Amino acid sequence: MERLIYLNGELVERKQAKISVFDHGLLYGDGVFEGIRAYSGNLFKLKEHLDRLYNSAAAIEMEIPMTKEEMTRAVVDTVNANKLRDAYIRLVVTRGVGDLGINPVKCFEPAVFIIADKVTLYPEEYYKNGLNIITASTRRNIPEALSPRIKSLNYLNNIMAKIEANRMKVPEAIMLNREGYVAECTGDNIFLVNTRGEVLTPPLYTGALNGITRTVIIDIIKDMGLKIIEAPFTLFEVYSSAECFLTGTAAEIIPVVDVDGRKIADGRPGELTIKLKEKFRKITKKDGVKL
Ligand code: PXG
């Protein structure tokens, strides 16, 4: 079946889903987006994703021409039109068509499109054996220039770090902020478990995206009665950790067993990491908006 794409209020066939070369999302990366998943007919944490989308839009002074209720309906309709129960959903809002100058005042209407597709799962061995990752030399964008909390269409900062990972033939890379503290990975948040059994994750001000999965994991850790510490840490804490894992909509929870060629603990996925993954899987069918 040909995919149906939501484009500015209409469901159109993939071939008809076209954006102008004068769209400022394309010309300048001027826009925002979300990556969302549906699990067995449940749009997991859709409200939280939409809140982040509207906050990102507000941060770049762009008004999304739809209410959150209308956007919820548009997402539900798009997934249903494609007869999907498990899906990866890409929701994009661009500044819209303007002229060749950067000035957004000439862009009169943001463009909204939603793509719903099958989820491409990460290889099973990533979860079973854990990831080898590196530290990128590319530092995270500084908040004084552009807040790394905005999920904008300008992902070049992360892409440059991803290219470094590709060069080293590993699937992810740690990004440090300007001060040298660990911020996050190119498309995932990062967590450590130290040898005292405390869980650490970088605070958002270090340059981490406010990950939806990150928040869910923090809540699970608190429910388990474990201590979660949101405080800056360096590569020293990473290299000497008892466990390390990444979180994200696509990856869910994925163990890390090697950073920059140094083994994390015994080089096997950690016990708590595995437990968190199981707990996370259980709630993906519950918390969200039903299709
Ligand atoms: N940090 C960054 C920089 C991200 O882009 C996350 C963390 C995880 O956030 P969520 O809300 O998903 O738990 C993301 C989001 C990809 C890809 O293809 C990944 C993301 C976004 C776009 C593409 O790997 N991850």
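The first residue of the sequence shown is numbered 1, and numbering continues consecutively from there. Note that the coordinates shown come from a computational prediction; the quantities given were computed from them, not determined experimentally. Both ligands and their constituent atoms are indexed starting at 1 by order of listing.
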Legend entry - Taking atom 22 (C) of ligand 1 as the reference point, the nearest protein heavy atom with its distance: F33 CE1, 3.6 Å
Inset, instruction - Run the numbers for me: atoms of ligand 1, each under 4.0 Å from some heavy atom of E184, listed by number. - result: 1 (N), 2 (C), 3 (C), 7 (C)
Legend entry - Sub-4.0 Å atoms of ligand 1 with respect to non-hydrogen atoms of T186: 3 (C)
Legend entry - Nitrogen or oxygen atoms of Y88 and ligand 1 under 3.5 Å apart: no
Inset, instruction - Among all protein heavy atoms, pick the one closest to atom 24 (O) of ligand 1 and tell me residue, atom and distance. - result: Y122 OH, 4.1 Å
Legend entry - Test item, E34 contacting ligand 1 (heavy atom, 4.0 angstrom): no
Legend entry - Short side-chain donor-acceptor distance under 3.5 Å, N154 and Y28: no
Inset, instruction - Decide whether a cation-pi geometry holds between K68 and Y54; the criteria are a distance under 6.0 Å from NZ or CZ to the six-membered ring centre and an angle within 45° of the ring axis. - result: yes
Inset, instruction - Do me a favour and list the nearest non-hydrogen protein atom to atom 14 (C) of ligand 1 with residue, atom name and distance? - result: G187 O, 3.4 Å
Legend entry - Test item: E230 side-chain N/O and L200 main-chain N/O as donor-acceptor pair under 3.5 Å: no
Inset, instruction - Enumerate the atoms of ligand 1 whose separation from the nearest heavy atom of G211 is less than 4.0 angstrom. - result: 9 (O), 10 (P), 11 (O), 13 (O)
Inset, instruction - For atom 23 (C) of ligand 1, find the nearest protein heavy atom and state the residue, atom name and distance (0.1 Å precision). - result: R90 NH2, 3.6 Å
Legend entry - Test item: protein heavy atom less than 4.0 Å from atom 18 (O) of ligand 1: no
Inset, instruction - Mind telling me whether Y122 and Y127 have parallel, tilted or perpendicular rings, with 30° and 60° as the class edges? - result: tilted
Legend entry - Numbered atoms and elements of ligand 1 in range of T249, under 4.0 angstrom, heavy atoms: 10 (P), 11 (O), 12 (O), 13 (O)
Inset, instruction - Decide, yes or no, whether a salt bridge links R262 with D258 under the criterion of side-chain N to carboxylate O below 4.0 Å. - result: no
Inset, instruction - Before accepting this row, confirm whether a basic side-chain N of the pair R214/E184 lies closer than 4.0 Å to the acidic partner's carboxylate O. - result: no
Inset, instruction - Under 4.0 Å, heavy atoms only, figure out whether ligand 1 is touched by the backbone of T213, its side chain, both or neither. - result: both
Inset, instruction - Around atom 5 (O) of ligand 1, find the nearest protein heavy atom and jot down its residue, atom name and distance. - result: Y155 OH, 2.5 Å
Legend entry - Any donor-acceptor pair under 3.5 Å from N194 side chain to V199 backbone: no
Legend entry - atom 15 (C) of ligand 1: nearest protein contact (heavy atom, Å): K151 NZ, 3.3 Å
Legend entry - Under-4.0 Å salt bridge between K151 and E34: no
Legend entry - Closest protein heavy atom (residue, atom, distance) for atom 3 (C) of ligand 1: N158 ND2, 3.3 Å
Inset, instruction - Kindly state if atom 7 (C) of ligand 1 has a protein heavy atom within a strict 4.0 Å cut-off, that is, under 4.0 Å? - result: yes
Legend entry - Pair E13 + K15: basic N to acidic O under 4.0 Å: no
Inset, instruction - Without swapping roles, check the side chain of N158 against the backbone of T186 for a donor-acceptor pair under 3.5 Å. - result: yes
